[in-house]
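Presented below is the structure to which this report refers.
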Protein chains: 2
Amino acid sequence: MVINIKLKSTSAERVASSLSGRGFKTTRQRDSIVRIFAAAGQHLSAEELYELVKKAEPGIGYATVYRTLRLLSESGLAHESRFEDGFTRYELSDSGSHHDHIICTGCGQIIEFENHEIEKIQQAIARKHHFLVTNHKHEIYGLCSSCQRKPQKE
Amino acid sequence: MVINIKLKSTSAERVASSLSGRGFKTTRQRDSIVRIFAAAGQHLSAEELYELVKKAEPGIGYATVYRTLRLLSESGLAHESRFEDGFTRYELSDSGSHHDHIICTGCGQIIEFENHEIEKIQQAIARKHHFLVTNHKHEIYGLCSSCQRKPQKE
DNA sequence: ACAGTAATTGAAAATGGTTATCAATATCAA
DNA sequence: TTGATATTGATAACCATTTTCAATTACTGT
Ligand SMILES: [Mn+2]
Ligand SMILES: [Mn+2]
Ligand SMILES: [Zn+2]
Ligand SMILES: [Zn+2]
């Protein structure tokens, strides 16, 4: 009888091993940042992540968080978005899956969507203009159901 | 016999009268900025417009160009976009017509497109998530036909 | 385990696009 | 023309992000 132990690697572990596989050094700071980033959910700004990491790693430097986020982004392990709130937000990239965003301008809530039909039309439009598409950004701004009920800032 | 003289008001004139109609004062600087903006074509950055205006109005201040662009934007007379080149770009708004953009990352060329089908799907997606859409941004990045042939920056 | 070397770190300064401040000047209604 | 108010230009401030640099740390080979 074979005991099948499934070793499910977490996002944090995948990212960490991917980094060391690319020749980057493993450091306590980097590990903390990646682990907390993976656990915290999506669309974090550098500042937000810095605040979270500081709890586990009080001496962490601001620059280190920025540097790590940029490193992840340039390595393709994270994806950055600039919505309309003034700073860059990051999310770990689920391999191969692209998605776009609906953003509530009332509470900041972000919903993700994928639509194959839109992507197809998009390709057709690009082709008509003889463009080779490398990436795109499709953001829908509005109010979520709960913010539609609340009074808006005057 | 009636001689029909068609008084076609230019974009610049429409914007200027719209501003004074809203109670803003008419100034030489504002007039120059609007006139040159209207004549220069689309998607200008504040810096680019400043450089153009300086030729006609050598004493113009940087802040005045920024202020006027913001004024136009807040009055709905201009529309601002933040593409991925780091600064805000403006274009005079053709009343009522929305469009999105295809941007060449090689040469900066910007092509505009409208697609009713995409807008419809977008609304359906928002409705499914109980969102009230206020605006959206759809940008396609890639290489134009001419930049596909040229060697890329390494 | 140890040394050598190159990468990484944290603090602080720098950067760069944009906005605020403020005294001087210009606009416009009365 | 006058006077209240808006606008201007120079400059400083703002603020997210990047750079700098000396000190520390991680890895490679021994
Ligand atoms: Mn997302
Ligand atoms: Mn446009
Ligand atoms: Zn909301
Ligand atoms: Zn091009």
Side-chain angles (χ1 to χ4, degrees), chain A residues 15-37 43-51 53-75 78-90 108, chain B residues 15-37 43-75 77-90 108:
Chain A
V15 170
S17 74
S18 180
L19 280 182
S20 74
R22 291 161 193 266
F24 294 109
K25 291 182 177 173
T26 300
T27 68
R28 187 168 37 77
Q29 292 91 330
R30 225 116 85 165
D31 282 348
S32 290
I33 291 171
V34 168
R35 185 170 34 77
I36 292 167
F37 185 24
H43 310 119
L44 288 181
S45 67
E47 158 99 42
E48 286 166 352
L49 183 52
Y50 170 72
E51 290 302 331
V53 171
K54 217 165 45 172
K55 294 174 187 167
E57 203 73 47
I60 194 79
Y62 223 89
T64 302
V65 175
Y66 270 100
R67 275 190 290 240
T68 303
L69 249 11
R70 191 161 43 129
L71 178 65
L72 293 177
S73 186
E74 286 172 353
S75 306
H79 183 260
E80 55 175 75
S81 308
R82 272 174 258 274
F83 302 134
E84 294 182 350
D85 65 353
F87 30 96
T88 308
R89 296 185 167 280
Y90 298 82
Chain B
V15 171
S17 73
S18 178
L19 281 181
S20 72
R22 290 161 193 263
F24 296 108
K25 291 180 177 174
T26 299
T27 68
R28 187 168 35 78
Q29 292 92 331
R30 225 115 85 168
D31 283 348
S32 291
I33 291 171
V34 169
R35 184 170 36 77
I36 292 168
F37 185 23
H43 310 119
L44 288 180
S45 68
E47 158 98 44
E48 286 166 352
L49 183 52
Y50 170 72
E51 290 300 333
L52 289 175
V53 171
K54 217 165 44 172
K55 294 175 187 169
E57 204 73 47
I60 194 78
Y62 223 90
T64 301
V65 176
Y66 271 101
R67 274 190 292 240
T68 303
L69 249 11
R70 190 161 44 129
L71 178 66
L72 294 176
S73 187
E74 287 172 353
S75 306
L77 297 166
H79 183 261
E80 55 175 75
S81 308
R82 272 175 257 275
F83 302 135
E84 293 182 351
D85 64 354
F87 31 99
T88 308
R89 296 184 168 281
Y90 298 83

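Chain A is the first sequence line, chain B the second, and so forth, proteins listed ahead of strands; every chain is numbered from 1. Both backbone and side-chain heavy atoms feed into the values below; hydrogens, waters and symmetry mates do not.
At C:dT9, one or more side-chain N or O atoms of A:Thr27 fall inside 4.0 Å of OP1 or OP2 (strictly under the cut-off). Between A:Tyr66 and D:dT17 there is a side-chain polar atom (N or O) within less than 4.0 angstrom of OP1 or OP2. The shortest distance between the side-chain N/O atoms of B:Thr88 and the OP1/OP2 oxygens of C:dT18 is below 4.0 Å. At the phosphate of C:dT8, neither OP1 nor OP2 sits under 4.0 Å from any side-chain N or O atom of A:Thr64.
The distance between atom OH of A:Tyr62 and atom P of D:dT18, rounded to the nearest whole Å, is 12 Å. Rounded to an integer number of Å, the gap from A:Leu71 CG to D:dT17 C1' is 16 Å. Atom CZ of A:Phe24 and atom P of C:dT9 are 11 Å apart (whole Å). Rounded to whole Å, the distance from CZ on B:Arg22 to C1' on C:dC28 is 20 Å.
When all heavy atoms are compared, the tightest approach of B:Thr64 to B:Gln29 is CG2-CB, 4.2 Å.
Nucleotides of DNA chain C nearest to B:Arg82 and A:Lys25 differ in position, and the one nearer the 5' end is that of A:Lys25.
The nucleotide whose nearest atom lies closest to any side-chain atom of A:Thr26 is, among D:dG9, C:dT8, D:dC27, D:dC27. Closest contact between the side chain of B:Ile60 and the listed nucleotides D:dA26, D:dG9, D:dA6 involves D:dG9.
A:Arg70 comes within 4.0 angstrom of sugar-phosphate atoms only, judged by non-hydrogen atoms across all strands, and of no base.
Although no hydrogens or angles enter the test, the distance criterion places no donor-acceptor pair under 3.5 Å between the side chain of B:Ser73 and the main chain of B:Leu69. Distance alone, capped at 3.5 Å, places no donor-acceptor pair between the A:Arg89 side chain and the A:Phe83 backbone.
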